[in-house]
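Here the structure is laid out as structure tokens; the discussion comes afterwards.
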Amino acid sequence: MLYPVSNLFRDVMEVGPFWKFITDKHDEGEQKKWTGGFESDVEIAVPGSWNEQLEEIGLLHYVGAAWYSKMVFLPHSFAGKRVWLRIGSADFSCKVWVNGTLAGEGEFGFLPNDFEITSLARPGEKMLVVVRVSNELSDDSIPQGITASDYTAENRIREETNPPARFDFSPFGGIHRPVVIYSTPATFANNIRVNTSLFDGSTGKIKVFVEIEGNDSVEMVARLDDNKGRAIPFSITRLSAGSLELTVPNCRFWSDKDPYLYDLTVSLIRNGASVDEYALQVGVREVRIEGNSLLLNGHEIFLRGFGKHEDFAVVGRGLVPPLVVKDFQMMKWINSNSFRTSHYPYSEEVLLYADRAGILVISEAPAVSLDLGRAGNSMKENHKKFIRRMIERDYNHPSVIVWSLGNEPNIIGSEGYYDGTGKNYWKEVFETARELDSTRPVTVPNCSRAGIDDPVFEFSDILSINRYYGWYEYPGNLDLAIEKLADEMSAIHKRYNKPVLVTEFGADSLVGSHSMSCQMFTEEYQAELIERYVRHVESTTYAIGEMVWNFADFRTPQHFRRVVLNLKGVFTRSREPKLAAFRLKELWGRKKNGDIK
Ligand code: GCB
């Protein structure tokens with residue numbers, strides 16, 4: 001479904017922030033009929049995780065189910081239309097009832113779930129919305145889960161975290177993005193896809209595909225306005241009832257330096273009158289890998305940026321609009337041009353902002369540290385389904401230039417991964433992504449434990465590597481760290497002959513901790529490690545970028561390696577700059593002016 005908008009044909013109504021809340025530790029809510037409402041004195045704010053918000057009632061590390069309920073008045077303006085309830089995201093799954101009747105289930109976290117509630121809701125009346133959210137994971141889910149006993153079975157006792165997780169970020173639970181009720185006409189434009197390309201240096205081509213929902217026979221037309229609302233002349237070729245090609249002479253292309261957006265309005269026409277309309281902002285641009293280069297509109301581009309997280313004090317993973325503004329301001333301040341949505345798709349609000357700000361994005365599926373040996377029967381199908389939904393949601397963002405289909409598979413170093421299991425798995429997953437989108441490069445960041453034989457390299461357009469030499473390996477030894485990095489980058493490039501992107505590198509630093517000599521955890525050590533990596537990566541002829549791990553400190557599951565937070569941020573969790581932030585600003589600023597690469 002498309003991001004909800006209001007216009008002549010559609011309404012959007014935000015559901016307010018405070019919901020009644022109860023935990024369901026023994027998973028008995030359905031049996032007790034909480035589906036039709038429940039008693040509780042506790043309230044929770046949406047969007048927001050329950051962990052820090054409700055720490056006082058013991059939920060900081062809670063993994064399990066919890067129920068939300070809210071009475072919502074549906075205005076008369078929704079009468080005669082199709083009515084939808086959208087949960088922007090609920091991690092990691094949800095089930096929704098309206099007035100006691102099941103509206104549907106959302107099987108994935110990090111993505112929106114749209115439930116049609118036309119037959120359950122009555123305009124002009126109140127309705128009860130009840131949501132069961134669970135942050136439990138399994139062998140089949142994406143992300144893949146892990147239990148305390150799995151750590152023992154995998155002989156990784158010292159890696160056990162609490163709560164157990166295969167990944168190094170808090171498994172926050174809750175409704176993390178806005179809940180809205182919206183309407184569409186009976187026949188409406190759905191899943192609009194826009195493909196853009198450049199032609200002869202100044203002409204832009206915009207191909208628009210629409211899925212038309214409903215029974216009416218309608219025709220699609222399109223209008224293009226510039227960013228001042230003035231109609232833009234274009235010639236049009238009709239490809240089919242649901243697809244058009246617009247040719248725009250003297251087109252202003254979208255780029256990180258000039259993130260110019262046109263307004264494209266798609267209308268569905270019946271008997272000469274519009275029955276639906278949807279407007280989206282379109283950036284005309286083209287991304288390509290050529291040789292060892294990443295090209296944006298035919299020009300070489302070098303990625304300088306971060307791996308990030310959706311994480312902040314109190315709200316956990318909940319969307320905080322002021323934080324979105326702040327983070328983009330800081331990314332500009334530090335002279336970066338990109339980030340990876342490690343390790344899951346971020347909110348649509350973030351991607352829309354990136355489109356406007358001209359920040360380039362690698363959008364990632366939450367297949368983190370997959371252990372194929374423990375995969376349930378349907379994990380691969382779930383993974384492919386997730387990718388389908390992620391690509392469908394984010395396809396039209398000019399800022400999204402690369403898909404990452406997962407992160408660090410086989411971090412446990414299982415031999416079985418290399419006997420064809422890993423290759424077969426990734427072949428299918430990459431094929432799925434390419435069938436859905438042939439316009440963007442695809443990658444999966446590899447970890448040092450999976451090594452240079454990792455089958456993801458064979459299928460990736462970009463050789464993405466996460467390396468922690470100088471931290472987890474060769475701790476405190478920066479000379480050796482850079483030597484190893486250099487050897488490995490060159491070996492990987494030589495073997496696969498594709499561009500290399502260092503998607504992660506970094507060091508923890510405790511803000512305020514200093515030393516005159518090389519000392520891990522100090523701000524100086526972090527800044528020095530980052531600078532040495534940047535200088536090396538930028539000295540090679542085949543690297544297309546570096547992404548520092550991490551933009552800001554973030555909460556993780558409990559482990560002796562973590563002092564509450566992962567401290568590899570160049571900003572603290574509350575967004576104060578560490579020494580490394582100033583160092584990067586200078587380095588990336590100089591490079592911008594052509595000093596180094
Ligand atoms: C990694 C992971 C990331 C971790 C990071 C670390 O390789 O991709 O999720 O947070 O290392 O700091 O250990």
Side-chain angles (χ1 to χ4, degrees), residues 256 285-305 307 337-342 360-365 367 370 387 391 400-411 417-418 420 422-467 469 484-505 533-534 536-549 597:
D256 56 324
R285 60 106 183 92
E286 211 177 78
V287 181
R288 224 173 49 240
I289 298 285
E290 214 174 81
N292 291 327
S293 304
L294 171 65
L295 305 182
L296 179 64
N297 303 338
H299 303 294
E300 208 171 319
I301 186 141
F302 196 85
L303 300 177
R304 301 190 169 98
N337 62 3
S338 52
F339 68 92
R340 177 170 62 119
T341 70
S342 38
L360 307 167
V361 179
I362 299 179
S363 199
E364 186 157 283
L370 292 185
I387 287 168
I391 293 182
V400 175
I401 54 158
V402 176
W403 301 117
S404 165
L405 308 181
N407 180 62
E408 301 193 346
N410 198 30
I411 197 172
Y417 183 64
Y418 305 94
K423 185 166 171 167
N424 293 338
Y425 185 92
W426 286 111
K427 184 170 184 293
E428 226 178 292
V429 171
F430 272 82
E431 275 170 9
T432 301
R434 289 208 168 90
E435 272 163 27
L436 295 163
D437 187 358
S438 57
T439 70
R440 290 175 171 93
V442 189
T443 192
V444 170
N446 145 280
C447 63
S448 114
R449 189 89 193 272
I452 183 169
D453 296 325
D454 192 338
V456 298
F457 287 132
E458 188 182 330
F459 303 112
S460 291
D461 297 306
I462 296 167
L463 307 170
S464 301
I465 57 170
N466 297 348
R467 289 299 182 270
Y469 301 137
K484 293 289 171 191
L485 174 77
D487 288 351
E488 207 176 7
M489 280 178 70
S490 123
I492 290 171
H493 177 253
K494 201 161 160 205
R495 167 123 167 233
Y496 298 97
N497 198 22
K498 299 180 206 174
V500 175
L501 173 63
V502 184
T503 27
E504 284 185 28
F505 62 100
Y533 267 73
V534 168
H536 176 70
V537 174
E538 305 215 1
S539 72
T540 67
T541 51
Y542 50 79
I544 57 163
E546 69 247 349
M547 293 187 150
V548 177
W549 190 257
K597 194 165 188 172

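Values below: all heavy atoms of this structure, side chains included; hydrogens, waters and symmetry mates excluded. Nothing fancy with the numbering, it's 1 onward along the sequence.
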- Contacts of Asn466 that satisfy side-chain hydrogen bond (donor to acceptor under 3.5 Å, both in side chains) - sequence neighbours left out: Asn407, Glu408, Thr503, Glu504
- Item | Test side-chain hydrogen bond (donor to acceptor under 3.5 Å, both in side chains) applied to Glu286 - qualifying residues, sequence neighbours left out | Arg288
- Query: Checking Lys498 side chain against Ile492 main chain: does a donor-acceptor pair fall under 3.5 Å?
  - Reply: no
- Sequence neighbours excluded, the answer for side chain to side chain contact (heavy atoms under 4.5 Å, CB included) partners of Asp487 is none
- Message: Checking Val402 against Arg340 for the side-chain contact (heavy atoms from CB on, under 4.5 Å) test, could you report, in this order, the C-alpha distance in whole Å, the side-chain angles of both residues, the deciding distance, and whether it holds?
- Response: CA-CA 9 Å; Val402 176; Arg340 177 170 62 119; over 6 Å; no
- Less than 4.5 Å apart, any side-chain heavy atom of Lys423 and any of Phe459? yes
- Are the side chain of Ser460 and the backbone of Phe457 linked by a donor-acceptor contact shorter than 3.5 Å? no
- Taking only Lys NZ, Arg NE, NH1 and NH2, and the carboxylate oxygens of Asp or Glu, determine whether Asp461 and Arg434 approach each other closer than 4.0 Å. yes
- Under the side-chain hydrogen bond (donor to acceptor under 3.5 Å, both in side chains) test, residues paired with Ser293 that sit two or more places apart: none
- Item | Contacts of type side chain to side chain contact (heavy atoms under 4.5 Å, CB included), residue Ala450, not counting sequence neighbours | Asn410, Tyr418, Asn446, Cys447, Asp454
- Query: If you measure from CG on Leu501 to OG1 on Thr443, what distance do you get to the nearest 0.5 Å?
  - Reply: 7.0 Å
- Item | Closest approach of Gly291 to Pro499 (non-hydrogen atoms, all atoms of both residues) | O-CD, 3.5 Å
- Message: Once rounded to the nearest 0.5 Å, what's the spacing between atom OG1 of Thr432 and atom CD of Glu435?
- Response: 6.0 Å
- Message: Measuring from atom CD of Glu300 to atom CG of Leu295, what distance do you get when rounded to the nearest 0.5 angstrom?
- Response: 7.0 Å
- Task: Could you tell me which residues satisfy ring pair (Phe, Tyr, Trp, His ring centres under 6.0 Å) with Trp549, sequence neighbours excluded, listed by chain and number?
- Result: His309, His343, Phe554
- Task: Would you confirm whether Ser464, through its side chain, and Val444, through its main-chain N or O, come within 3.5 Å as a donor-acceptor pair?
- Result: no
- Item | Stepwise side-chain contact (heavy atoms from CB on, under 4.5 Å) test for Glu538 and Phe302 | CA-CA 9 Å; Glu538 305 215 1; Phe302 196 85; 3.2 Å; yes
- Pro441 versus Val287: any side-chain heavy-atom pair under 4.5 Å? yes
- All heavy atoms of Pro455 vs all of Gly422, minimum pair found to be CG-C, 3.7 Å
- Note on the structure: Distance col, row Ile301:CD1 vs Leu360:CG, nearest 0.5 angstrom, shows 5.0 Å
- 4.5 Å side-chain heavy-atom contact, Ile401 and Leu303: yes
- Message: Counting C-beta onward and ignoring hydrogens, is there a side-chain heavy-atom pair between Tyr425 and Pro409 closer than 4.5 Å?
- Response: no
- Task: Of all the heavy-atom pairs spanning Glu364 and Ser342, show the shortest one and how long it is.
- Result: OE2-CA, 3.7 Å
- Message: Is any side-chain heavy atom of Val537 closer than 4.5 Å to one of Met489?
- Response: yes
- Message: Checking Asp453 now: which residues fulfil side-chain hydrogen bond (donor to acceptor under 3.5 Å, both in side chains) with it, not counting sequence neighbours?
- Response: Arg495
- Note on the structure: Separation between CZ (Arg467) and CG (Leu485), nearest 0.5 Å, reads 8.5 Å
- For Glu428, check side chain to side chain contact (heavy atoms under 4.5 Å, CB included) against everything at least two apart and list the hits. Lys380, Glu381, Lys384
- ring pair (Phe, Tyr, Trp, His ring centres under 6.0 Å) filter on Phe505, not counting sequence neighbours, yields Tyr533
- Would a 4.5 Å heavy-atom cut-off, applied to side chains only, mark Tyr417 and Leu370 as touching? no
- Which is it for Met547 and Val502 under the side-chain contact (heavy atoms from CB on, under 4.5 Å) test, yes or no, and what are the steps along the way? CA-CA 6 Å; Met547 293 187 150; Val502 184; over 6 Å; no
- Taking salt bridge (Lys or Arg N to Asp or Glu O under 4.0 Å) as the test, write out the residues that go with Arg440, two or more places apart. Asp437
- Give, for atom CH2 of Trp403 and atom CD1 of Ile462, the distance between the pair rounded to the nearest 0.5 Å. 13.0 Å
- Which pairs, with at least one residue in residues 442-452 and sequence neighbours excluded, count as a salt bridge (charged side-chain N to carboxylate O under 4.0 Å, His left out)? none
- Only counting residues at least two apart or in another chain, list the ones meeting ring pair (Phe, Tyr, Trp, His ring centres under 6.0 Å) with His493. Tyr542
